[in-house]
Amino acid sequence: MAKDYRNTVFLPKTDFPMRAKLPEREPAMVERWDRLGLFARMREVARGREKFILHDGPPYANGHLHMGTALNKILKDVINRSQQMLGRDAVYVPGWDCHGLPIEWQIEQRYRRRGKDKDAVPIVEFRRECRAFAAEWIEVQKREFKRLGVIGDWDEPYTTMAYDAEAVIYRELGRFLLSGQLYRGKKSVMWSVVEKTALAEAEVEYQEVTSTTIWVRFPLARVSRGELEGASAIIWTTTPWTIPANRAIAYGEDIDYALVEVGEVAAGSLARPGERILVAETLLEEVAAAAGITARRIVARMKGRELAGSIAAHPLAGFADSYRFEIPLLAADFVSAEEGTGLVHIAPSHGAEDFALGQRHGLEVPDTVAEDGRYTDEVPGFVGIHVFEAAEPVLEALAERGNLLARGRLTHSYPHSWRSKAPLIFRATAQWFIPMDGPDGLRAKALRAIDETRWVPPQGRNRIRAMVETRPDWCVSRQRAWGVPIAVFVHKRTGEVLRDPEVVERIAGAFEEEGAEAWWNRDPQEFLGDRYRAEDYEKVEDILDVWFDSGSTHAIVLERRADMTWPASLYLEGSDQHRGWFQSSLLESCGTRGRAPYEAVLTHGFVVDAEGRKMSKSLGNVISPLDLMKTHGADILRLWVVSADYTEDIRIGPEILQGQADAYRRLRNTLRYILGNLRDFAERERLDPSEMPELDRWVLHRLWEFGRMVPRCNEDFDFSTLYSALHNFCANDLSAFYFDVRKDALYCDPPDSIRRRAARTVLDHLFHCLVRWLAPVLCFTAEEAWLARFPSEEGSVHLELFPEIPEDWRAPGLAERWERIRRVRRVITGALERERKEKRIGSSLQAAPVVHLAPELATLLEDVDLAELAITSGIRIEPGEGPEDAFRLPEVPGVAVVPERARGRKCARCWRILETVDAADELCPRCREAVALLAA
RNA sequence: GGGCCUGUAGCUCAGCCGGUCAGAGCGCACGCCUGAUAAGCGUGAGGUCGGCCGUUCAAAUCGGCCCAGGCCCA
């Protein structure tokens, strides 16, 4: 039995546990931060520094967090924390989007369950319930965000429903109103003739119905190609009642069209022998069958784009002495050659696509249908007929004008009201718009602002640019209850919108006092003041599109809080927000301030499952971040965020999470090992780099390299590069090499040995670097490690900065030199492994190989203690090539290793096998000295 | 159907302005250690670079088509 010197060995010891137990420790840390007022303290320490303002895109205050919101908030938090530690004042004010249909709906459903009708409830009461509902979810989400480690001004977040926020949103609208950038126009919206109200897509359900379908001739009046003279363009529709409202025909530019001469027709056919019709060639067969055309020939073929410039007559032209419209043929990308005729009847009043196409080409949007579904007097010959009864009258009229080519029946899915189950129609309604191409040239301003913004990744610029280039005017009105009212007055007689800054300010002031409910609560005359009479004005009852709300958050938050600056340094959201918030904010800000409210925009992808498919209940692949808090913990999730290339879609699944948990353990154990070996570290042990062995200086040089990399990666938001490098460093350079090699010195050298002091000094530097560099991501673990080293009631690593790396840690040449040394080491470990396989050795300390080196390598290794590096008990270096059967690695030429067992006795303290170990105390000379010093 | 984008070892990522055998870490397998121990060390096996066709003396890297997937439109 060997002597026991265990208590003379400096084994690592720390209170920082190996087992993280994040699910239970993290919530306690959140409480501690709350108690400390960490966010406020971070503001204090950063006072006066350059601001970094990441303006929070408000999530909707409805429901628990999902993976997407978790990803988004974690990424924001990592960026805020890293910017703070880079030396900025990163003020983060989280917010919530509160108005809008989803909440309105929830409340409405509550009513329905109680048998109440929403419309019977006073709007102000209804809105009160919406407010309460949003407020509840804000508290829930706030708790969940904090659980993820997100730091921000949770005590004073912003919400779009706060009274002052509603006032700001309204004032923003006021700016558009007063500068003439708000007009009342028409738009085709989904409409229920039963409830006499507009419906949102979410309130629509689809049911099968059978409709009368018709094929209609549009005689060409002006033609782009000679062959078309006298021919008719044929359209097909399932809604004959929309024909009177027709104002255009759409074609597909790349669709092949055939000009067909009718030969023979079946009995009863409405087609006429000799007439020429234009249809998509692929649909000719179908059209001929429907119209009873039994013989025909193709006279000409052409691409859709060759139809450009043609004009048709309206098929009802002359009916009721009216309908003498010019019907242009227009290109549209939604035209399909799969059904119908490849030519689409366009009624801008009665279809979303129709309306959009009409807007682009300046088509009229006639008021053809009243809110009860009856034709107005803009539809001569049909006035008063209900559109659902209109098919036959329209067919008769078409037949009378000779333009009905065929009729049929079709069963298809058609939108119905979710509430009344009645079929819906598209109907032109009065709506409020912000013009894109008005005198203020909002589109041009927005495009310029896009060019002046930094987009990360850069493709984001193309994406939003393409949308802004082609988007129609911004329709900002909704016929709903839960939102900021479009609090404007329209003169009853002139139709003029009242533009008076004093009126706007009176309304805004009222909103500030009692919320936007003031619009319904107060007497309009109060807003109008002495200069206008309420009875002369229509009080608009629409509310604002919630995108206008969120588009105004920069004004709510950045301009009004003393600790913030405008514009924001960064907006950061999912890539879907190119159409959403990035754009609404851009348009709002360009319309009111002439530039974007952000300097940079960063987008992330979507969270998908392990196979790359989107998460959905039906696929059953949904992972909840809240569940992961119970099984893994926030730091694992945070590590997952930075490990991935978040500009693309990010996969998540059990295997991926396990991988992050493994990576986490390595980082945690690295910190733990450092802490354990720094026990009782005293300043007098500290060594200057110039006094250190080269191995330790090499580690400092690696830190110096990171000292350049860390700020760069953080500024570029390139966390995956940084984190794989840090992980690699911990696993490879530290754990597998430096720590392993320095164990002997740390455990066994006398306390005053240069080697041990150098190692402890380096470990101290490593601690300070790693714990700070990791802190933005592993915010819980870094704090835990920090407090393990510097126990304190109030301390926090999050009040620190990234470390300044002294320039004298740089050691040019050492990186490459040690790369080469470690290649030689690999040959030795390889040789030992072969010995192990042969059961000749177990521990590497049982070996003392002979290493044959080529001359240049001998020079390289002149001052290097190879036995120390390879953790063998000895090594003899021989010049030359070495014997034939020596161990070699093809990728490391010039090194040959002949394994030999170490000779001598095993030191009972350091376990090296040396000839110099004394049989009496079983100690090597180094350990004898160490033991003696300890005894003294 | 249109716009933006992605597809390299089991996983996460490098490489991709064309020209050393396609790299890293993790995981995995095998072994060692038992003084970082629900740790640590060593060695090793894993890739038709989504598929097809082109351009080129030469392609993971350029072009086209197809397949799969994501976001936004329609």
Side-chain angles (χ1 to χ4, degrees), chain A residues 5-7 9-14 16 18-19 252 254-255 332-338 352-353 356 457 459-467 469-471 574-580 583 603-614 639-640 642-645 647-651 653-663 665-666 668-677 720-721 723-732 735-737 739-741 743-744 746-748 825-826 828-837 839 841-846 870-871 891 909-911:
Chain A
Y5 287 100
R6 201 163 193 277
N7 52 18
V9 178
F10 305 107
L11 294 177
K13 188 169 180 340
T14 173
F16 184 76
M18 176 177 285
R19 299 269 284 152
D254 292 316
I255 294 175
D333 53 17
F334 55 79
V335 178
S336 122
E338 311 277 300
E353 288 173 334
Q459 303 90 284
R461 170 177 281 118
N462 299 340
R463 188 164 174 178
I464 193 167
R465 220 179 187 299
M467 292 178 191
E469 272 169 353
T470 57
R471 69 156 293 151
S575 61
D576 57 334
Q577 297 304 326
H578 285 103
R579 176 158 296 274
Q583 200 178 136
T603 51
H604 62 252
F606 277 69
V607 182
V608 293
D609 74 9
E611 272 71 51
R613 261 181 286 276
K614 70 169 154 201
L639 204 50
W640 164 75
V642 296
S643 74
D645 175 5
T647 64
E648 294 299 331
D649 293 334
I650 311 187
R651 295 177 184 223
E655 188 185 4
I656 293 167
L657 282 164
Q658 190 51 49
Q660 295 317 320
D662 289 339
R665 291 213 320 265
R666 171 64 82 172
R668 183 178 181 92
N669 273 320
T670 301
L671 289 172
R672 179 173 135 89
Y673 187 71
I674 293 171
L675 284 167
N677 284 101
S720 68
T721 299
Y723 271 76
S724 72
L726 281 173
H727 183 267
N728 222 318
F729 176 62
C730 289
N732 239 316
S735 192
F737 184 53
F739 290 172
D740 213 28
V741 169
K743 257 180 211 172
D744 176 68
L746 285 166
Y747 296 180
C748 298
R825 183 179 188 260
R826 231 164 282 145
I828 301 171
T829 53
L832 296 186
E833 189 59 24
R834 203 170 66 177
E835 294 306 288
R836 218 169 262 138
K837 277 262 163 1
K839 301 287 175 203
I841 62 164
S843 155
S844 59
L845 283 174
Q846 291 174 300
I871 317 180
E891 65 270 26
R909 186 162 173 273
C910 72
W911 297 349

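Sequence lines set the chain letters: A, B, ... in the order given, protein chains first and strands last, and positions in each chain run from 1.
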Problem - B:rU56: pairing nucleotide in any strand, Watson-Crick or G-U under 3.5 angstrom - result: none
Exercise for the section: Mark yes or no for whether A:Arg666, through its side chain, and A:His727, through its backbone, hold a donor-acceptor pair below 3.5 Å. Expected result: no
Problem - Candidate nucleotides B:rA14, B:rC5, B:rC41, ranked by approach to the side chain of A:Gln459 - the nearest - result: B:rC5
Handout entry: Check: A:Gly612 main-chain N/O paired with A:Asp609 side-chain donor or acceptor under 3.5 Å
Key = yes
Fill in the blank from the handout: Of the listed B:rA36, B:rG25, B:rG31, the closest approach to the A:Glu833 side chain comes from B:rG31
Practice task
Just call it for A:Cys748: base, sugar-phosphate, or nothing, with non-hydrogen atoms closer than 4.0 Å on any strand.
Solution key: base
Problem - Presence of donor-acceptor pair under 3.5 Å, side chain of A:Arg463 and base of B:rC71 - result: yes
Handout entry: Of the listed nucleotides B:rG35, B:rG10, B:rA36, the one nearest the side chain of A:Leu11
Key = B:rG35
Practice task
Would you mind telling me which of B:rA38, B:rC30, B:rG40 lies closest to the side-chain atoms of A:Asp740?
Solution key: B:rG40
Practice task
May I ask you to say what A:Ala663 touches in the nucleic acid, namely base, sugar-phosphate or nothing, with a heavy-atom cut-off under 4.0 Å?
Solution key: nothing
Problem - Toward the 5' end of RNA chain B, by each residue's nearest nucleotide, A:Phe334 or A:Ile650 - result: A:Ile650
Completion exercise
Taking B:rA36, B:rG42, B:rC33 as options, the one with an atom nearest any side-chain atom of A:Ser843 is B:rC33
Problem - A:Arg6 vs B:rG35: side-chain N/O to OP1/OP2 distance below 4.0 Å - result: yes
Practice task
Ignoring backbone atoms, test whether A:Arg613 places a side-chain nitrogen or oxygen under 4.0 Å from the OP1 or OP2 oxygen of B:rC71.
Solution key: no
Handout entry: Phosphate contact (B:rC32 OP1 or OP2) by A:Lys839 side-chain N/O below 4.0 Å
Key = yes
Exercise for the section: Taking A:Ser735 for its side chain and A:Asn732 for its backbone only, find out whether a donor-acceptor pair lies under 3.5 Å. Expected result: no
Problem - Smallest separation among heavy atoms of A:Trp640 and A:Ile650, with atom names - result: CZ2-CG2, 3.5 Å
Exercise for the section: Please check the phosphate of B:rC5 (OP1 and OP2 only) for any side-chain N or O of A:Ser575 closer than 4.0 Å. Expected result: no
Exercise for the section: May I ask you to evaluate whether A:Arg666 reaches the phosphate of B:rG27, defined as a side-chain N or O under 4.0 Å from OP1 or OP2? Expected result: no
Handout entry: Non-hydrogen atoms of A:His578 and A:Thr603 that approach each other most closely
Key = CE1-CG2, 3.4 Å
Problem - Expected output: side-chain A:Arg836 to main-chain A:Gly842 donor-acceptor under 3.5 Å - result: yes
Completion exercise
Residue pair A:Gly460/A:Arg19 against RNA chain B: nearer the 5' end by closest nucleotide is A:Gly460
Problem - Any A:Tyr723 side-chain N or O less than 4.0 Å from OP1/OP2 of B:rC13 - result: no
Exercise for the section: Take the protein atom NE2 of A:His578 and the nucleotide atom P of B:rC72, then report the distance between them rounded to whole Å. Expected result: 12 Å
Exercise for the section: Give A:Asn669 one of three labels, base, sugar-phosphate or nothing, depending on what nucleic acid heavy atoms sit under 4.0 Å from its own. Expected result: base
Problem - Salt bridge present between A:Lys743 and A:Asp740 (N-O < 4.0 angstrom) - result: yes
Exercise for the section: Please work out if A:Gly612 contacts a base, only the sugar-phosphate, or nothing of the nucleic acid, heavy-atom cut-off 4.0 Å. Expected result: sugar-phosphate
Practice task
Counting heavy atoms from C-beta on, name the nucleotide in B:rA36, B:rG10, B:rU12 closest to the side chain of A:Ser643.
Solution key: B:rU12
Fill in the blank from the handout: Here the distance between atom C1' of B:rG35 and atom CZ of A:Phe739, to the nearest Å, is 16 Å
Handout entry: Base-pairing mate for B:rC11 - Watson-Crick or G-U, with both contacts under 3.5 Å
Key = B:rG25
Practice task
Using a cut-off of strictly less than 4.0 Å, decide whether A:Asn677 has a side-chain nitrogen or oxygen near OP1 or OP2 of B:rA36.
Solution key: no
Exercise for the section: Describe the nucleic acid contact of A:Trp911 in one word from base, sugar-phosphate, nothing, applying a heavy-atom distance below 4.0 Å. Expected result: base
Handout entry: Atom-pair distance (CZ on A:Arg579; C1' on B:rC73), nearest Å
Key = 6 Å
Problem - Selection from B:rU12, B:rG70, B:rG35 that lies nearest to any side-chain heavy atom of A:Val608 - result: B:rG70
Practice task
Mind calculating the distance between CD (A:Glu891) and P (B:rU43) to the nearest angstrom?
Solution key: 10 Å
Exercise for the section: Would you indicate what A:Arg461 reaches in the nucleic acid, counting non-hydrogen atoms under 4.0 angstrom: base, sugar-phosphate, or nothing? Expected result: nothing
Completion exercise
Any strand, both distances under 3.5 Å, Watson-Crick or G-U wobble: B:rG40 pairs with B:rC32
Problem - Whole angstrom value for the distance that separates P of B:rC4 from CG of A:Asp649 - result: 17 Å
Practice task
Quick one: label A:Phe606 by what it contacts on the DNA or RNA (base, sugar-phosphate, nothing), any heavy atom closer than 4.0 Å.
Solution key: sugar-phosphate
Handout entry: Short side-chain N/O contact to B:rA36 OP1/OP2 from A:Lys743, under 4.0 Å
Key = yes
Practice task
To the nearest Å, give me how far apart CZ (A:Phe737) and P (B:rA24) are.
Solution key: 18 Å
Exercise for the section: Please check the phosphate of B:rA39 (OP1 and OP2 only) for any side-chain N or O of A:Arg665 closer than 4.0 Å. Expected result: yes
Handout entry: Nearest-Å distance once atom P is located in both B:rG70 and B:rU12
Key = 16 Å
Fill in the blank from the handout: Assigned chi class of B:rG23 under the 90° convention is anti
Practice task
Determine the contact category for A:Thr721: base if any of its heavy atoms lies under 4.0 Å from a base atom, sugar-phosphate if only primed atoms, P, OP1 or OP2 are that close, otherwise nothing.
Solution key: nothing
Fill in the blank from the handout: From the candidates B:rG35, B:rC5, B:rG3, the one with an atom nearest any side-chain atom of A:Glu648 is B:rC5
Exercise for the section: Examine the base of B:rA36 for any acceptor or donor lying under 3.5 Å from a partner atom in the side chain of A:Thr670, and report the outcome as yes or no. Expected result: no
Problem - Identified pairing partner of B:rG1, criterion: Watson-Crick or G-U wobble below 3.5 Å - result: B:rC73
Problem - Atom-pair distance (CG on A:Asn728; P on B:rG27), nearest Å - result: 13 Å
Practice task
Report yes or no: is there a donor-acceptor pair, N or O only, under 3.5 Å between the side chain of A:Arg672 and the base of B:rA36?
Solution key: no
Practice task
Would you classify A:Gly842 as touching base, sugar-phosphate or nothing, given that sugar-phosphate means primed atoms plus P, OP1 and OP2, and contacts are heavy atoms under 4.0 Å?
Solution key: sugar-phosphate
Handout entry: Nucleotide B:rC32, atom C1' - distance to CD1 of A:Ile871 in whole Å
Key = 12 Å
Practice task
Among B:rC41, B:rC33, B:rU43, find the nucleotide with the atom closest to the side chain of A:Thr829.
Solution key: B:rU43
Handout entry: Expected output: side-chain A:Gln846 to main-chain A:Ser843 donor-acceptor under 3.5 Å
Key = yes
Problem - Closest approach of A:Ser643 to A:Ser720 (non-hydrogen atoms, all atoms of both residues) - result: O-CB, 3.6 Å
Practice task
Look at A:Ser844 and B:rG42 and indicate whether a side-chain polar atom (N or O) is within less than 4.0 Å of OP1 or OP2.
Solution key: no
